[in-house]
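Each remark here refers to the structure printed beneath this line.
Only this structure's heavy atoms are used, side chains among them; waters, hydrogens and symmetry mates stay out. The chains referred to below are lettered A, B, ... by the order of the sequence lines, with proteins before strands, and numbering in each begins at 1.
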Amino acid sequence: MKEILAAIWSYRHFIVSSIRNDLRSRFARSKLGALWMVLQPLAQVAIYALVLSRIMAAKLPGIDNRYAYVIYLMAGMIAWSLFAEVVTRSLTVFVDSGNLMKKMAFPRVCLPIIIGGSSLVNNLLLLATAIGVFLLIGHPPTLAMLWLPLLIGINLAFGLGLGLILGVLNVFVRDVAQVMTVVLQLLFWLTPVVYMPSIVPERLRVILEFNPMLHMVVAFQNVMLYGRAPGFNGLIVMTVASAVLLLLALFLFRRAAPEMVDVL
Amino acid sequence: MNEPLLAVRGLGKAFREYRSEWQRFAGWFGFKVSTKSESWVLRDISFNVANGESIGIVGQNGAGKSTLLKLITGTLKGTTGSVTVNGRIAAILELGMGFSPDLSGRENVYHSAGLMGFSRQAIDGVIDEIEAFAEIGGYFDEPARMYSTGMQMRVAFSVATAFRPEILIVDEALSVGDAYFQHKCFKRIREFREQGTSLLIVSHDAGAVQSLCDRAILLDSGRLLRDGDPATVMDLYNALIAERENNTVVIKQHASGREQTASGTGEARVESIALLNDRGEPVEFVDVGQPVTLHIRVGVHADIPRLVLGYMIKDRLGQPVFGINTHYTNQAIENATAGSVLQFDAVFPMNVGPGTYSVSTALVSTETHLVNNFEWLDLALVFSVSNLTRTPFTGVAWMPPTIEVSKV
């Protein structure tokens, strides 16, 4: 553990410059550049809002803002997009950087950290835009938003833990990435991002409870829409889940690292 | 304090295959699993490199050279044994790894130096030097996608050698673009060496190994066959190649990358061809001026009234350097009978400049192959000449002069 931290520290310049390059090269030579980072999720929110607002708006009692559903959507999207981006990219990070890993000796642990960092920057931009939108539609931020750094931190840890485990396995069994693209889609619809848990029939809701992302998304919605503290139980579930996943990921990563380059 | 710079102990590398990947995963959690197959590409390698010592690593393709270097640089982990390094290793094997086409040369320098573990501040101190060494002018601030391969190599080499490492791994055949820059690179490598950097040089070139290295290591089929002074090791390597060549003459020719052309009616054929040193052993690497024997064995498959053997030595571009035949030397064979085998030994000193050369043979009836062409064989034999013992010189011919200098 100590040596991993030391390696990260000594390669901090590489990590920072990789994150910068990553963000830059993703939008190099596009007219709108970094704007795309927020435009894409915003467009998605707009589509869902357009299609579903009539049906869903009535299900949000207690908020007297006619854009309540948009706020609800955005809160969920911010939580989901960080998780999804981190998992999707961690899944293939070792396979994608195979060439680099085969030819250069550097602490491999930098790779997931770069992903975490660049996804985090992405997410913060999205969050800033969302708050801007909230101001426009008359939903000023409340003190409850102070929970956000903690929530984002747990969300990131959860995504990294899961992504790293799957990413390591994917090096040896490439089906993992294929399966996961489908599973992630399914998981998206099992998470109340575009709908409210209340519309789900009682007996099915039990199944939803097993989805850790539900607690994450609900926490974001509590904080951003309702302006109240996230539920204590959900927070505990997510923290424990993230810690367990991250530890397992680190363990797997340490065991697998010497063999990874052999099969890349 | 007498720790060697690099200590390799009992190093081995096996690539393991499992019956199922689940078994591999189970193995990480401490379960006992059996592997389906293990292929050892390196076994029981031990050697030391002292401070400032330069070592050549030689061996045929597949002998394990690259694997050994990867284990030393740390991109691969050994299955057995250990590698201990007391200093920084830089490798100029894969230049330009991690270059991003959308970043400028300058930004790529910062990025790839970061990949080697250097901080921004450290690079700030040498960025001007790097820019000056690369000599690509205004392109340094243009995106790397506008670079030619040569320009990218220049920048990449400049970064890789911006800081003097304790150990520098060099592939001697590495191409870094044009001849001018190539020379500049090797000048820098030599300077590093003079300042105390140890070199690990991978090479097939006997001349380079003998002139640059204090010691050489010969790998064969993943084992360390010999660790000793360059001359002895290269001799052994030569012998090893010769041994293999006798078995697989035809394949070897095509491996040289050039196509072998054979033509003719086939009444007579070259059965074997070899370049022998003065001890009668086949050699592939020859010193300038070394006495050699071109040994050609010809099988006659039909009665031929008159048989002439000709051979031509060509340089790597295919330009004739020297050609002669037994018609000119008045040694044509009259009435060769079917089934006989003829042996030709051409003894001469190898008075050509360093480089690679090929030998073409012709079996004909007169001085040209236009009348009767029994067999014409291009690239019948390929050999290299290096200048190990003579005064340095340039050019394709060795014409040792006696130079008298006097004031008039």
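Of the atoms belonging to Ser18(A), heavy atoms from both backbone and side chain fall under 4.5 Å from chain B. In this structure, chain B has a heavy atom under 4.5 Å from the side chain of Val263(A), while its backbone stays farther away. Of the atoms belonging to Arg24(A), it is side-chain heavy atoms, and not backbone ones, that fall under 4.5 Å from chain B. Using a 4.5 Å cut-off between heavy atoms, Ala256(A) contacts chain B through both its backbone and its side chain.
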- Message: Glu107(B) vs Arg20(A), test: salt bridge (Lys or Arg N to Asp or Glu O under 4.0 Å). Steps then yes/no.
- Response: CA-CA 11 Å; Glu107(B) 290 160 333; Arg20(A) 196 180 14 227; over 6 Å; no
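Your options are Lys102(A), Met260(A), Arg12(A), and the one with the most heavy-atom pairs under 4.5 Å with chain B is Lys102(A).
No side-chain heavy atom of Phe106(A) sits under 4.5 Å from any side-chain heavy atom of Thr75(B). Side-chain contact between Asn21(A) and Asp102(B) is absent, with no heavy-atom pair separated by less than 4.5 Å. Side-chain contact between Lys77(B) and Glu259(A) is absent, with no heavy-atom pair separated by less than 4.5 Å.
Taking a cutoff of 4.0 Å between a charged side-chain nitrogen and a carboxylate oxygen, Asp262(A) and Lys13(B) qualify as a salt bridge.
Taking the six-membered ring for Trp, His13(A) and Tyr110(B) have ring centres at least 6.0 Å apart.
Taken to the nearest 0.5 Å, the CZ atom of Phe14(A) stands 9.5 Å off from the OG atom of Ser112(B).
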